[in-house]
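Have a look at the structure below before the remarks.
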Amino acid sequence: MSVLAYDLGAGSGRALLGHLNDRGMETLEIHRFKNEPVKVGERLHWDILRLHHELLEGLNLVKQKGEQPESLGIDSWAVDFGLLGSHGELLGNPYHYRDAQFNGMMDQVRKELTSQRIFERTGIQFLSFNTLYQLATLKRSGSPMLNEAERFLMIPDLLRYFLTGEAVNEFTNATTTQLYNPTIGHWDGELLAHIGISETLFGEAVMPGTQVGQLRSSICSDLGLSAIPVIAVAEHDTGSAVVAVPATERSFAYLSCGTWSLMGTEIDHPAISSESLALNFTNEGGAGGTFRLLKNIMGLWILQECMREWERKGQGISYAELLSRAELAPPFASLFDPDDDRFMPAGDMTSRIQQYCRDTGQAEPQDQGAIARSILESLALKYRRVLEWTEQLSRQSFNGLHMVGGGIQNRLLCQWTANSIGKPVWAGPAEGSAIGNMAVQWMASGAFKDIWEARKVIRDSFPVTDYEPKDRPIWEEAYGRFLRLTASPKSQAGSEV
């Protein structure tokens, strides 16, 4: 049984073919491509038509291998969207969540509605780029697109629409918008009315595992393929990654590690409380009727931006060499809060790290190894803080941490995370989002009866690397220093509440 999974991250995308047989799951990467934003004037966009082209190229490569997948699914990052007009055509290139036009709108809307009211209706953490604030920005700036729009589709919804002609919203990604009310199971009319957006733009959000059309006949004809059913998987990539966590116990903590780091646990019902609001946690929809109690952490974006900066300056370095230099750099010389707002924009990342260190009375990291070490140690220490908060909110104590995603290929980050939390880290699988995407497709077909059968097969099919904690005394000391350096309410909660 073969299925095709498209997994789109904020920096790259991939198409993987999955096979399921009596030996378990196997994956084969068919196509990998860049996903680079495009700046036009002062606006930052996603190149959505290029992404559509890459999806078609993936299908073409599948055909060349003589494969006919039984279904396909798409997962991607959250919050961003496209708008369709009356003739079903895209009205403009979707904006990138890092576009500067959205700056400041979150604080404005929160003053008008209060944080408590928004959180009670959505259970979603406050991030400046949430869809709620993007749409409010477009409305208040008089965007002509909103005057013509008849349908709102998030990025996987939009790409599915290009492939099938069916305009359908999906649950896990809908919940990330801060416009979906999990209590009523629908888009929140009060919040939409406040920002002046019509509910008619939004369709019912279908659950992961729902078939939402099939490949357009024109695409099948062009590529020489038979019709392929298209499944709405857990289309937020973290939702798919959590499906792939090879947990053996119902109570588990996970870290989906990539450009963003997302840490949390799986729960049956949203945890909407004053405590989760104060810590700026989120309750995003998951597969199998679950919710993901988690917190966003800036993640490897900071390191990736440093590497791009060095490349532009002619100082490019391989990832392997950078990690080697980081390992040799002095430990705990420069620590910072990865979630400080200054690290959100692209460009000039090294000077912002150095400025943070000056502002907090620390030595400034100068060379590439020292900068990389400061990033990875700071992330590992922030992971401990967020894991403690996750235990506090969920009223659970976790025996260790499951790490999934491309970031687990960074062995230093995995080991230092184990050192920081004082518990084992179980790293794998690396292609968590794509594997979870496939698992939901097989759940839809009946090949897996539920998410726990899928996790057992995933656990038996892919390697997991164990990292045991080391050097506990020096990491305990470093954690205490990290807490003192990041003790402001903004650092702790991620934003004012």
Side-chain angles (χ1 to χ4, degrees), residues 255 257-263 279-280 295-307 309-310 317 319 322-345 348-390 401 403 407 410-423 425 467 469-495:
L255 172 63
C257 186
T259 299
W260 284 92
S261 291
L262 301 104
M263 180 182 285
L279 293 175
N280 204 30
K295 189 173 179 66
N296 280 44
I297 304 164
M298 197 72 73
L300 288 169
W301 156 258
I302 301 174
L303 185 63
Q304 293 163 356
E305 273 299 287
C306 288
M307 294 186 72
E309 178 184 337
W310 295 328
I317 183 172
Y319 203 65
L322 182 61
L323 294 186
S324 295
R325 294 186 186 182
E327 193 168 15
L328 295 173
F332 309 118
S334 312
L335 301 175
F336 61 89
D337 183 359
D339 291 327
D340 189 283
D341 288 344
R342 76 185 76 194
F343 302 123
M344 173 63 72
D348 200 26
M349 195 64 76
T350 59
S351 67
R352 280 180 255 157
I353 293 171
Q354 291 166 340
Q355 182 64 53
Y356 187 106
C357 293
R358 284 197 297 274
D359 292 346
T360 51
Q362 301 179 85
E364 298 174 38
Q366 297 295 332
D367 59 59
Q368 292 173 328
I371 290 169
R373 181 153 194 148
S374 73
I375 295 169
L376 297 180
E377 288 178 339
S378 297
L379 280 173
L381 292 165
K382 186 61 180 266
Y383 294 159
R384 173 172 171 178
R385 192 69 181 112
V386 176
L387 183 62
E388 290 174 346
W389 284 333
T390 304
L401 178 66
M403 287 180 68
N410 186 324
R411 59 177 179 80
L412 281 185
L413 182 58
C414 294
Q415 182 60 62
W416 289 351
T417 299
N419 296 355
S420 176
I421 68 175
K423 298 178 181 181
V425 162
Y467 293 88
K470 301 176 181 177
D471 304 323
R472 292 296 302 134
I474 62 171
W475 278 89
E476 281 295 324
E477 182 181 351
Y479 185 56
R481 181 164 159 253
F482 175 81
L483 291 181
R484 292 190 294 274
L485 289 167
T486 61
S488 70
K490 187 171 184 179
S491 293
Q492 292 193 16
S495 57

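Keep in mind that what you see is a predicted model, and the values were worked out from it rather than measured. For reference, positions follow the sequence shown, starting with 1.
- Heavy-atom minimum distance, Arg373 versus Pro330: CD-O, 3.6 Å.
- Between Ile302 and Pro338 the shortest side-chain heavy-atom distance falls below 4.5 Å.
- Residue-environment remark: CD (Glu477) stays at or below the threshold of 12 foreign heavy atoms within 6.0 Å.
- When atom types are taken as modelled, the side chain of Ser420 and the backbone of Trp416 share no donor-acceptor pair closer than 3.5 angstrom.
- For the atom pair CG (Leu379) and OG (Ser374), the distance works out to 9.5 Å, reported to the nearest 0.5 Å.
- In plain terms, the two heavy atoms of Pro469 and Ala418 that are nearest each other are CB-O, 3.3 Å.
- When all heavy atoms are compared, the tightest approach of Ala326 to Ala372 is CB-CB, 3.9 Å.
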| said: Run the side chain to side chain contact (heavy atoms under 4.5 Å, CB included) test on Glu377 and Phe482 for me, step by step, so that the C-alpha distance in whole Å, both residues' side-chain angles and the decisive distance to 0.1 Å come before the verdict. | reply: CA-CA 10 Å; Glu377 288 178 339; Phe482 175 81; over 6 Å; no
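- Contact detail for Ile421 and Val425: the closest heavy-atom pair is CD1-CG2, 4.1 Å.
- Shown are Thr417, Leu322, Leu323; of these, the side-chain contact (heavy atoms from CB on, under 4.5 Å) with Leu412 is made only by Leu323.
- The side-chain heavy atoms of Leu300 and Thr259, taken from C-beta on, include no pair separated by under 4.5 Å.
- Within the 4.5 Å cutoff, the side chain of Trp301 has no heavy atoms near those of the Met344 side chain.
- At distances below 3.5 Å, at least one donor-acceptor pair connects side-chain atoms of Ser334 with backbone N or O atoms of Ala363.
- Looking at Arg385 and Thr486, their side chains never come closer than 4.5 Å, going by heavy atoms from C-beta outward.
- In this structure a side-chain-to-backbone donor-acceptor pair under 3.5 Å is present from Gln354 to Pro365.
- A salt bridge links Asp359 to Arg342: one of the charged nitrogens lies within less than 4.0 Å of a carboxylate oxygen.
- The minimum heavy-atom distance linking Asp341 with Pro345 is given by the pair O-CD, 3.7 Å.
- Atom CD1 of Ile375 and atom CG of Leu335 lie 12.0 Å apart (nearest 0.5 Å).
- Between the side chains of Tyr356 and Asp337, no donor-acceptor pair is found at a separation under 3.5 Å.
- The aromatic rings of Phe343 and Phe336 are tilted relative to each other, their planes meeting at an angle between 30° and 60°.
- When all heavy atoms of Leu255 and Leu401 are compared, the closest pair comes out as N-CD1, 4.0 Å.
- For the atom pair Asp339 CG and Ser378 OG, the distance stands at 11.0 Å (nearest 0.5 Å).
- Taking CD1 of Ile371 as the start and CD of Glu364 as the end, the distance is 10.0 Å to the nearest 0.5 Å.
- Taking the ring centroids of Trp475 and Phe332, they lie under the 6.0 Å cut-off.
- A cation-pi contact, defined as under 6.0 Å to the ring centre and within 45° of the axis, links Arg384 to Tyr479.
- Remark: Asp471 pairs with no residue by the salt bridge (charged side-chain N to carboxylate O under 4.0 Å, His left out) rule, at least two apart or across chains.
- Remark: Asn410 CG to Met403 CE distance equals 8.0 Å, nearest 0.5 Å.
- In this structure, Gln362 and Arg481 have side chains that are in contact, with non-hydrogen atoms separated by less than 4.5 Å.
- Under the 3.5 Å distance criterion, with hydrogens and angles disregarded, a donor-acceptor pair is assigned to the side chains of Tyr383 and Ser261.
- Between Arg325 and Asp367, no side-chain nitrogen of the basic residue sits less than 4.0 Å from a carboxylate oxygen of the acidic one, so the salt-bridge criterion is not met.
- No donor-acceptor distance shorter than 3.5 angstrom exists from the side chain of Lys470 to the backbone of Gln415, with no hydrogens or angles considered.
- Checking side-chain atoms of Thr360 against main-chain N and O of Leu485 turns up no donor-acceptor pair under 3.5 Å.
- The side-chain heavy atoms of Trp389 and Met263, taken from C-beta on, include no pair separated by under 4.5 Å.
- To the nearest 0.5 Å, atom OG of residue Ser351 and atom CD of residue Glu309 are 6.5 Å apart.
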